[in-house]
Every structure is written in structure tokens, then in C-alpha cells.
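Structure first, commentary second.
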Amino acid sequence: MIGIVGGGLAAAKVVEGYREAGGSDRITIWSQDPHGPYHRPPLSKRLLRGEQQQEDALVHPVEWYAEHGVDLRAGEELSALADADADVVVLATGARPRPLGDALLLRTIDQSLELRRRAQDAKTAIVVGGGFIGMEVTASLTQLGVQVTQVVREPLVFATLQAPPLSEALHERYREHGVDLRLEATEIPTDADLVVAGIGVEPNVELARDAGLDVRSGVVVNERFETSKPGVYAIGDVAEFFDPLYGRHRRIEHWSNAAYHGTTLGKILAGEDVRYDVVSSFFSEQFGRSFKAFGDATGHDSTAAEGDFRDERAVFRFTRDGGVIAAVSTGLDEDEENALKEEIKAGAASTA
């Protein structure tokens, strides 16, 4: 039996990958969340704005799991890894938001629906944080008619992307939509109907640590997602995985990474000889515009801008020793994105 601990997107993708590759063992999923696996990007966007309903966010209808030989135990939490009592155990426990006093957090369907409900009666809101959740929640609340003050500790929004042209274009865009954007803020106002915090997450590594697995910033795994204990794997937000493209371990907290990890591990467990070999990517959307980021800019020594992020199309490349190792873009079509990823794959390989 395969036991999957955690019921998010990565868990659902393990099942998909495993069954599609011919795997026939029974599967059990234990999930703290009372709902079946769902996509998290809509929680700060379409679901929050009421453009999408709860069932639309599900990866599969709940009955799909039984139809595919899965015992889905939603709302059931394991207290120890050994309680899984399985031949193979997959840790897909994800991450949890960092708390900030009594501020509302956004990680689950229930939290998104509660924020939507409270936004209906709110005139003002304070959003703390200038990353993905903070920026997307601010945009959604603004579109719902709430006056938002956004408090950002850093001098730029999306500071971790290290792409000033994108950040500066977003500063203009948010202020044009009436957001009171406060950069390099040292104090958080208290005079608002709603306070929402989007200040990052912490990986749920407690089960792994208690079981004696190698844990650093996350559960350490190789390119086949194997932990330091035979028969135990880790994927998604909780995994510090080996990325052969850059020749080092990384941990990524995004939808596309969870999906790819899960599908690939499912194939591995079914006997296929595959491993992590993709250029990582993620996306964000605000006020009807989106951007994507590819690769890892760590250690870049120069940058090159093409176009303007205030317009429909732009690319910001990060290079090291002359090779492109990462990029942020908007407005590219699929062929252009694929070409950019190939450029990054070649550049990262030549400088790793």
C-alpha cells in the first residue's frame, strides 16, 4: 500500500501519475483539510472574488478517488509517520502561513470563503506583505470595492524576485487602482475593518523530524524525491529537493512545482525511470494581468531588460557568466515561453 500524508495538489497528482503509469497498489491519503485536494491559486483570486465556487477549485470530484482505488481520509490527521502503516509513504504535508497577531490568513478554501464573506461588509482593509498572497489579496479586495492599505516591509513588492522593473510597474499599477501602497513600512495601521497577513509560510516538517528524517529548510530529498529513510518520499512545498539543472537543493512553494513533483513521483512509484528535470516556473495574476517567473536567479551577476512591464509584453533575464539562469516575463505566448525555458536550461547547465 502507498500512504500519502497530506491532501493537497501534490497528493492528487501522485495518484494521477501512478495510475496513468500502470500502478495498481492501494492508496490511502490522510489530509487535515476536510475537503478533497484542491488548487490553491484561486483562493486569492477567483474564489475570493466570487467568480468561482468551492467545487470549481477541486482537482477532482471527491468520488474520483474511490473510483481510482484511493481511500481519501479527509479531515483525518496522523500524529506520527509510523501510523501510516504503509509499504511506501509519501510526505506531501505542504506548508502553513506565518501568523501575525489576529490577522486573517489565507491557505485553505474555508479561509478564502471566510475572507470573501467578511469583505462583503468591509469598507477598508489592511494587507501585510508584498509577496504573492499579499499582492493577490490586495488586488481581489480592491476589485470587490474595499479600500486597501498595503503594508510592505521591503522597498519593492515581490522583492524576492529581484526584478525592479516588474516591481516598479506594479507599484504604479496598484496605486492607479487606488491602493495605499506603503513601502519600507515599519508600523502596521490598526484602523481597518479587515486585516490580512501574507508574510510567508513555514513547511510542515514536524512528522518528518519526529521520524528522524534529514530536515533542513524542508525535508531533504534527491532528484527521485527519496528521503534519508528508505521507502519514504517527500514532495511539494515541504520538500527540499535536488535540482540537477542548478546542481543544488532547492525548496519551492508554488502550484506548478507541487503538480510536477506529484506527477513525477507517481510515475517513479509505478516503476518508470524518471526524475526531476524541468525548469521551475510559477505565475501570479493581479488586476487582470499576469506574469511568470522561470528558473532560479540565485547567484546572478547581471540582468537584461526587454520591453516594459507597464506594457503588454516584457522579459527580464538574469545571467551568470554570460548564461541565462532565470527570467521574469509577461505577455509571452507558449512558444516564446518554451524557448525561454530552453535558453535557461542551456544557460544554467553551462554555469552550474
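Since the model is a prediction, treat every value here as computed from it, not as a measurement. Residue numbers count from 1 along this sequence.
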Would you mind checking if Asp56 and Arg46 are paired as a salt bridge, meaning a charged N to carboxylate O distance below 4.0 Å?
-> no
Cationic N near anionic O, under 4.0 Å, Asp121 to Lys123 = no
Side chain to side chain, Lys292 and Ser281, heavy atoms closer than 4.5 Å = no
Parallel, tilted or perpendicular: rings of His261 and Tyr276 (30°, 60°) = perpendicular
Any salt bridge between Asp311 and Arg313, counting N to O under 4.0 Å?
-> no
Evaluate the criterion side chain to side chain donor-acceptor pair (under 3.5 Å) for residue pair Glu136 and Ser284; output intermediate values, then yes/no.
-> CA-CA 8 Å; Glu136 291 173 359; Ser284 184; 2.6 Å; yes
Between Glu176 and Arg310, is there a salt bridge with N-O shorter than 4.0 Å?
-> no
Might you confirm whether atom NZ of Lys267 has over 12 heavy atoms from other residues, nucleotides or ligands at distances under 6.0 Å?
-> no
Aromatic ring pairing Tyr38/His35, orientation class (parallel under 30°, perpendicular over 60°, tilted between) | perpendicular
In Å, rounded to the nearest 0.5 Å, how long is the span from CG of Asp25 to CG of Leu269?
-> 9.0 Å
How many angstroms lie between NE2 in His60 and CD in Glu16, if you round to the nearest 0.5 Å?
-> 3.5 Å
For Ser280 and Arg250, does a side-chain donor sit closer than 3.5 Å to a side-chain acceptor?
-> yes
Qualifying ring pair (Phe, Tyr, Trp, His ring centres under 6.0 Å) pairs, either residue in residues 323-349, two or more places apart = none
Provide the full list of ring pair (Phe, Tyr, Trp, His ring centres under 6.0 Å) pairs with a residue in residues 86-139, sequence neighbours left out, each pair given once.
-> Phe132-Phe158, Phe132-His254, Phe132-Phe282
Between Asp277 and Arg275, is the closest basic N to carboxylate O distance under 4.0 Å?
-> no
So, Arg40 and Asp237, do they make that salt bridge, N to O below 4.0 Å?
-> no
